[in-house]
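What follows is one structure encoded as structure tokens, with my remarks underneath.
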Amino acid sequence: MAFKQTKGNMTVEACVLPSPGQMFKGAIRVTTVRDAKTIERVTGRGCGRPMRDADAALAMAETAARQMIGA
């Protein structure tokens with residue numbers, strides 16, 4: 001994980017998930033805490049296309065995560 005930041009009750013982190021064809025896809029994991037419940041979402045939308053290199057996919061996911069948190 002290259003990027004993990006909390007703002008208010010929302011934590012955003014960039015991660016890499018496997019994709020078909022021995023490729024990697026960047027993803028964003030958003031965790032929101034409301035009352036005593038934790039809601040977690042993982043989305044790859046906006047993180048680019050699948051790539052052969054995990055580091056490149058992580059870099060794209062980090063850019064999308066920074067945009068989402070507003071940093």
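Atom set for the values below is all heavy atoms of this structure, side chains included, hydrogens, waters and symmetry mates excluded.
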Could you note down all residue pairs passing salt bridge (charged side-chain N to carboxylate O under 4.0 Å, His left out) where residues 43-58 supplies at least one of them, sequence neighbours left out? none
Give the minimum heavy-atom separation between C15 and A61, together with the two atoms involved. O-CB, 3.9 Å
Supply the atom-to-atom distance K4 NZ to T6 OG1, rounded to the nearest 0.5 angstrom. 6.5 Å
Polar side-chain atom of K25 near backbone of V16 as donor-acceptor pair, under 3.5 Å: no
Side-chain heavy atoms of Q5 within contact of E13, under 4.5 Å: no
Roughly how far apart are M60 CE and F24 CZ, rounded to 0.5 Å? 15.5 Å
So do the side chains of T11 and V30 get within less than 4.5 Å of each other, counting heavy atoms only? no
Which one of L58, L17, I28 satisfies the side chain to side chain contact (heavy atoms under 4.5 Å, CB included) criterion with C47? I28
Intermediate values then yes/no, side-chain contact (heavy atoms from CB on, under 4.5 Å), M10 and I69: CA-CA 9 Å; M10 181 173 69; I69 198 82; 3.9 Å; yes
Extract all donor-acceptor atom pairs below 3.5 Å that involve side chains of residues 31-42 and protein atoms in other chains or at least two apart in sequence.
residue, atom, partner, partner atom, Å
E40, OE2, R29, NE, 3.4

